[in-house]
Amino acid sequence: MVASLRAAGCVFAEDEARLLTAAAAETGADLDDLVARRVSGTPLEHLLGWAEFHGLRVAVAPGVFVPRQRTAFLVEEAARLTRARHRHSVVVDLCCGSGALGLALATLLAAEHTVVTLAAADIDPVAVDCARRNLTPLGAPVYQGDLFEPLPEELLGCIDILLANTPYVPSEMIAHMPPEARDHEPRTALDGGPDGLDIFRRVAEGARSWLAPGGHVLVESSEEQAPAAIAVLAEHGLAGRIAESEEHYATVVIGTRPTGGV
């Protein structure tokens with residue numbers, strides 16, 4: 001089994017073999033079939049039914065975006081900003097996929113005795129079903145629809161922390177992505193348009209209205225895209241800055257609604 005996984009390019013073949021063996025034992029699935037599917041390129045997380053993210057097991061399902069380890073940096077930045085508000089905060093996980101970001105942030109803050117009001121939304125019904133599995137135990141609603149459209153009106157102007165893990169891969173680069181992402185994750189979760197910022201622009205456009213005064217929107221981007229993203233935030237009246245992590249190989253663009261004015 002290990003040799004087959006290694007030959008297929010699985011860098012951590014021994015670990016994957018152990019996880020697949022445990023999954024087969026727990027679920028009654030055929031181990032040979034799991035290995036064959038993994039060798040063919042199916043993401044390990046889709047075979048296990050969960051992904052490890054920020055120290056948590058997050059339920060994922062076939063056709064749902066698998067949370068990337070680098071995105072833990074976005075969660076950590078969001079936690080820092082939430083703490084700095086020194087009050088009960090409203091958090092929305094937009095383009096939520098499995099709901100991993102909202103789950104990780106709420107869990108991290110709860111461990112510090114900081115409770116937030118959390119909601120999430122995604123356009124993909126498969127992702128919404130998955131996010132509900134992860135977030136319903138927290139009492140967090142998950143809405144289905146395009147960006148801000150499904151959110152309840154009472155959140156307008158009240159969101160303190162907006163997590164928006166928008167797709168940011170330029171369309172022409174999708175073909176060069178690893179097969180397990182390109183062939184098994186929804187294109188809507190990957191494709192950011194010609195320059196990778198199409199969905200980000202729409203989020204930035206709506207963010208000022210939905211954010212509370214002093215509220216923040218956090219979006220992951222590539223290092224190269226970040227300056228253009230800052231310019232987009234400025235166009236929509238948001239003060240932007242870039243946060244980078246060498247440890248996570250991650251870049252996060254943060255926009256803040258001014259506390260004064262309309």
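Quantities reported herein were computed from a predicted structural model and do not represent experimental measurements. Note that these values count all heavy atoms, side chains included, but never hydrogens, waters or copies made by symmetry.
Under a 4.0 Å N-O distance rule, the pair E16/R38 qualifies as a salt bridge. Here R80 pairs with E77 in a salt bridge; the nearest charged N to carboxylate O distance falls below 4.0 Å. Look at D33 and R37 and you find a salt bridge, because one of the NZ, NE, NH1 or NH2 atoms lies within 4.0 Å of a carboxylate O, short of that distance. Salt bridge status for E220 with R70: present, with a side-chain N to carboxylate O gap under 4.0 Å.
Looking only at side-chain heavy atoms (C-beta outward), L19 and W50 come within less than 4.5 Å of each other. Considering only heavy atoms from C-beta on, E205 comes within 4.5 Å of H236 through its side chain. Counting heavy atoms from C-beta outward, V142 and C96 have side chains that approach closer than 4.5 Å. The closest side-chain heavy-atom distance from L218 to L81 is below 4.5 Å. Counting only heavy atoms from C-beta outward, the side chains of L162 and F148 approach each other to under 4.5 Å.
Between L47 atom CG and T27 atom OG1 the span is 10.0 Å, to the nearest 0.5 Å. Atom CG in D160 sits 4.0 Å away from atom CZ in R87 (nearest 0.5 Å). The CD atom of E76 sits 9.5 Å away from atom CG of L74, with the distance rounded to the nearest 0.5 Å. Atom CG of L238 and atom CG of L211 lie 6.5 Å apart (nearest 0.5 Å). Separating the CG atom in L101 from the NE2 atom in H54 is a distance of 9.5 Å, to the nearest 0.5 Å. Rounding to the nearest 0.5 Å places CG of D124 at 12.0 Å from CG of D146.
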For R133 and V60, what are the C-alpha separation, side-chain angles and deciding distance, and is it a side chain to side chain contact (heavy atoms under 4.5 Å, CB included)? CA-CA 9 Å; R133 291 169 57 193; V60 295; over 6 Å; no
Run the numbers on V92 and L163 for side chain to side chain contact (heavy atoms under 4.5 Å, CB included), then give the verdict. CA-CA 6 Å; V92 170; L163 312 171; over 6 Å; no
Can V219 and V252 be said to form a side chain to side chain contact (heavy atoms under 4.5 Å, CB included), step by step? CA-CA 6 Å; V219 183; V252 173; over 6 Å; no
I would like to know whether I230 and V253 meet side chain to side chain contact (heavy atoms under 4.5 Å, CB included); could you show each step before the answer? CA-CA 7 Å; I230 291 293; V253 174; 3.9 Å; yes
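P167 approaches I199 most closely through the heavy-atom pair CG-CG1, 3.7 Å. For the pair G102 and L118, the tightest heavy-atom approach, listed with the atom from each and the gap, is O-CD2, 3.6 Å. When all heavy atoms of G193 and D198 are compared, the closest pair comes out as CA-OD2, 3.5 Å. Annotation for A100 and V58: closest pair CB-CG1, 3.9 Å, computed over non-hydrogen atoms. Considering every non-hydrogen atom in both A119 and Y143, the closest pair reads CB-CE1, 4.1 Å. The two atoms that bring A121 and L151 nearest to each other are CB-CD2, 4.1 Å, heavy atoms only.
Residues V66 and I123 do not share a hydrophobic cluster, clusters being chains of Ile/Leu/Val/Met/Phe/Trp/Tyr side chains in contact below 4.5 Å. Cluster membership check: L94 does not share its hydrophobic cluster with F65, using side-chain heavy-atom separations under 4.5 Å among Ile, Leu, Val, Met, Phe, Trp and Tyr. There is no path of hydrophobic side-chain contacts, each under 4.5 Å, that joins V116 to W210. L56 and F73 fall within a single hydrophobic cluster, where Ile, Leu, Val, Met, Phe, Trp and Tyr are joined by side-chain heavy atoms under 4.5 Å apart, directly or via other members. Cluster annotation: F53 is connected to L135 through the hydrophobic network of ILVMFWY side chains, with a link wherever side-chain heavy atoms come within less than 4.5 Å.
Side-chain contact check for E223 and T251: no donor-acceptor pair (N or O, by modelled atom type) lies under 3.5 Å.
Annotation: E112, atom CD; neighbour count of heavy atoms from other residues, nucleotides and ligands within 6.0 Å is above 12. Around the CD atom of Q69, the shell of radius 6.0 Å holds more than 12 heavy atoms that belong to other residues, nucleotides or ligands.
Not one N or O on the side chain of D122 forms a donor-acceptor pair closer than 3.5 Å with the backbone of V128. Distance alone, capped at 3.5 Å, places no donor-acceptor pair between the R57 side chain and the E52 backbone. Looking at Q225, its side chain does come within 3.5 Å of a backbone N or O of S222 through a donor-acceptor pair.
Evaluation of the side chain to side chain donor-acceptor pair (under 3.5 Å) rule for R132 yields no partner, not counting sequence neighbours.
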